[in-house]
Amino acid sequence: MMLEEKTRHAIEQLLYEWARTVDEDRLEDLAALLTEDARYKVISRFNTDRNLPAAVIDCRSRGQLLDRIKSLRVANIYEKHFYRHLLSGVQVIGGEGPPGGEVWEVRANYVLVRTMEHDGSISVYSSGQHQDSVVFEDSVPRFRSRVVVYDSRIIDTVLVIPI
Amino acid sequence: MMLEEKTRHAIEQLLYEWARTVDEDRLEDLAALLTEDARYKVISRFNTDRNLPAAVIDCRSRGQLLDRIKSLRVANIYEKHFYRHLLSGVQVIGGEGPPGGEVWEVRANYVLVRTMEHDGSISVYSSGQHQDSVVFEDSVPRFRSRVVVYDSRIIDTVLVIPI
Amino acid sequence: MMLEEKTRHAIEQLLYEWARTVDEDRLEDLAALLTEDARYKVISRFNTDRNLPAAVIDCRSRGQLLDRIKSLRVANIYEKHFYRHLLSGVQVIGGEGPPGGEVWEVRANYVLVRTMEHDGSISVYSSGQHQDSVVFEDSVPRFRSRVVVYDSRIIDTVLVIPI
């Protein structure tokens with residue numbers, strides 16, 4: 001794999017952009033960061049290690065994620081809260097395909113801090129690893145697949161907002 | 001905006017330098033990271049979202065921040081503690097002005113872990129976003145404005161050390 | 001010190017690689033990230049500030065760390081748990097020696113989130129600073145010394161897995 005600094009940087013910024021988009025509550029903008037047929041999956045480390053398929057979120061396209069966001073905006077009842085993403089250790093660990101058409105394999109650690117609006121309580125809501133496949137479409141980096149593997153089998157209350 | 005890798009890197013290191021300066025308790029050195037007339041403000045997300053002006057810290061110059069640090073050193077009574085900054089997702093989202101004289105708009109997430117000296121207890125003390133304007137003075141990057149928007153309306157006990 | 005972007009990047013990736021190696025439980029692979037005679041030490045901020053020598057881990061070679069990992073695999077009894085490393089603010093603060101043979105001084109903040117397997121509980125287990133000396137052996141970056149200075153004097157239960 002030949003990874004230019006420019007490419008690596010663009011991939012890193014894509015990951016940061018997703019985090020900021022969620023944290024600034026501009027969830028509808030996530031669609032532009034995914035390819036049309038992207039997979040977005042949130043699954044436990046426990047199930048991943050055992051090849052068990054059950055995931056708490058498993059979207060097979062950009063549109064499916066937008067549906068979920070729509071329902072979060074208009075239908076779901078939940079206590080208002082904010083996320084704050086910390087990403088670390090972004091590593092491009094592989095790349096396959098012709099120059100310009102590579103699929104880049106990317107790993108990064110995350111910790112998600114959640115703040116509840118009503119009482120301001122802060123907690124580490126989730127930690128885990130991003131396992132991403134990134135492609136460039138007309139020079140724009142997008143996730144073709146984004147798998148969030150979270151460390152704990154327990155999710156506090158409910159997972160509403162995408163990680 | 002034309003952002004060279006060298007410039008981006010220097011900006012990123014400025015943010016890291018601030019964090020390390022605070023965490024290593026060399027607070028007086030923060031002055032060198034600010035322009036003479038820099039704004040340093042710590043304000044809640046709640047107030048920011050509603051355009052409410054009240055901030056817990058609002059310094060209008062380098063000197064004013066140094067005054068605050070002086071009082072922290074000689075006058076304030078508080079339980080000794082340490083900060084540990086985690087920054088993530090440093091993004092230069094804009095830049096305006098003539099080449100060399102740009103004002104760069106920068107965003108980054110932070111989480112602040114606090115350790116109390118007396119019992120060693122560790123907690124996530126604050127999370128939020130850095131909203132910075134950075135300029136270069138004689139090739140040295142400095143904050144012209146540093147706004148810390150913290151997520152929770154509640155601050156545990158008291159905010160003594162700058163974030 | 002003349003630090004090329006390529007060198008800086010390789011150093012940063014070395015730190016990320018260590019973190020991912022631990023978090024993915026491939027501890028035996030840590031050896032390849034150290035020089036043969038590397039020092040790996042985990043010591044409190046309290047002791048560091050007072051020049052007190054006691055450390056909770058103090059390995060004087062790659063082999064000694066591997067011994068420790070071996071005992072963790074076959075002898076130690078402890079509750080199963082996972083780490084998730086967050087690193088931030090990687091800074092190369094010095095470099096001495098002839099071109100190609102420099103010893104690079106590196107600092108980075110870390111926060112370690114621990115997840116217990118049995119009940120999925122998540123907590124901030126440790127925070128602190130990495131104080132590293134990095135050299136290149138045949139163009140491969142390795143730690144010649146890795147000192148982990150943790151902020152809290154209290155370690156919850158026991159430190160089993162290297163930080």
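Naming convention: chains lettered A, B, ... in sequence-line order (proteins, then strands); numbering from 1 in each chain.
Of the possible polar contacts, one joining the R153(C) side chain to the E117(B) backbone as a donor-acceptor pair under 3.5 Å is found.
The contact between L87(C) and chain B is made entirely by backbone atoms, counting heavy-atom distances below 4.5 Å. Of the two parts of H118(B), only the backbone, made up of N, CA, C and O, holds a non-hydrogen atom closer than 4.5 Å to a non-hydrogen atom of chain C. For a residue to count as touching a neighbouring chain, one of its non-hydrogen atoms must lie under 4.5 Å from one of that chain's; by this rule D23(B) touches chain C with backbone and side chain alike. Interface residue Y83(B): only backbone heavy atoms are found under 4.5 Å from chain C. Proximity to chain C involves both the backbone and the side chain of H85(B), based on heavy atoms less than 4.5 angstrom apart. For V90(B), no part lies under 4.5 angstrom from a heavy atom of chain C. Heavy-atom distances place both the backbone and the side chain of Q129(C) under 4.5 Å from chain B.
Going from atom CG of L86(C) over to atom CZ of R84(B) covers 13.5 Å, rounded to the nearest 0.5 Å.
Atom CD of E28(B) has more than 12 heavy atoms from other residues, nucleotides or ligands within 6.0 Å. The local environment of CZ in R39(B) is crowded, with over 12 non-hydrogen atoms from other residues, nucleotides or ligands closer than 6.0 Å. More than 12 heavy-atom neighbours from other residues, nucleotides or ligands sit within 6.0 angstrom of CZ on R8(C). Within a 6.0 Å radius of CD in E137(B), other residues, nucleotides and ligands contribute more than 12 heavy atoms. The 12-atom threshold is exceeded at CD of E24(B), counting heavy atoms of other residues, nucleotides or ligands nearer than 6.0 Å.
Note on R20(B), M116(B), E5(B): by heavy-atom pairs under 4.5 Å with chain C, the leading option is R20(B). With chain C as partner, the option from G120(B), S123(B), S121(B) having the largest number of non-hydrogen pairs under 4.5 angstrom is G120(B).
Taking the side chain as every heavy atom from C-beta outward, D151(C) and I122(B) never approach each other to under 4.5 Å. Looking at V111(B) and V111(C), their side chains never come closer than 4.5 Å, going by heavy atoms from C-beta outward.
Of the residues S127(C), S152(C), S126(C), the one that meets the side chain to side chain contact (heavy atoms under 4.5 Å, CB included) test with V113(B) is S127(C).
The shortest non-hydrogen separation linking R45(C) to F82(B) is CZ-CD2, 3.4 Å.
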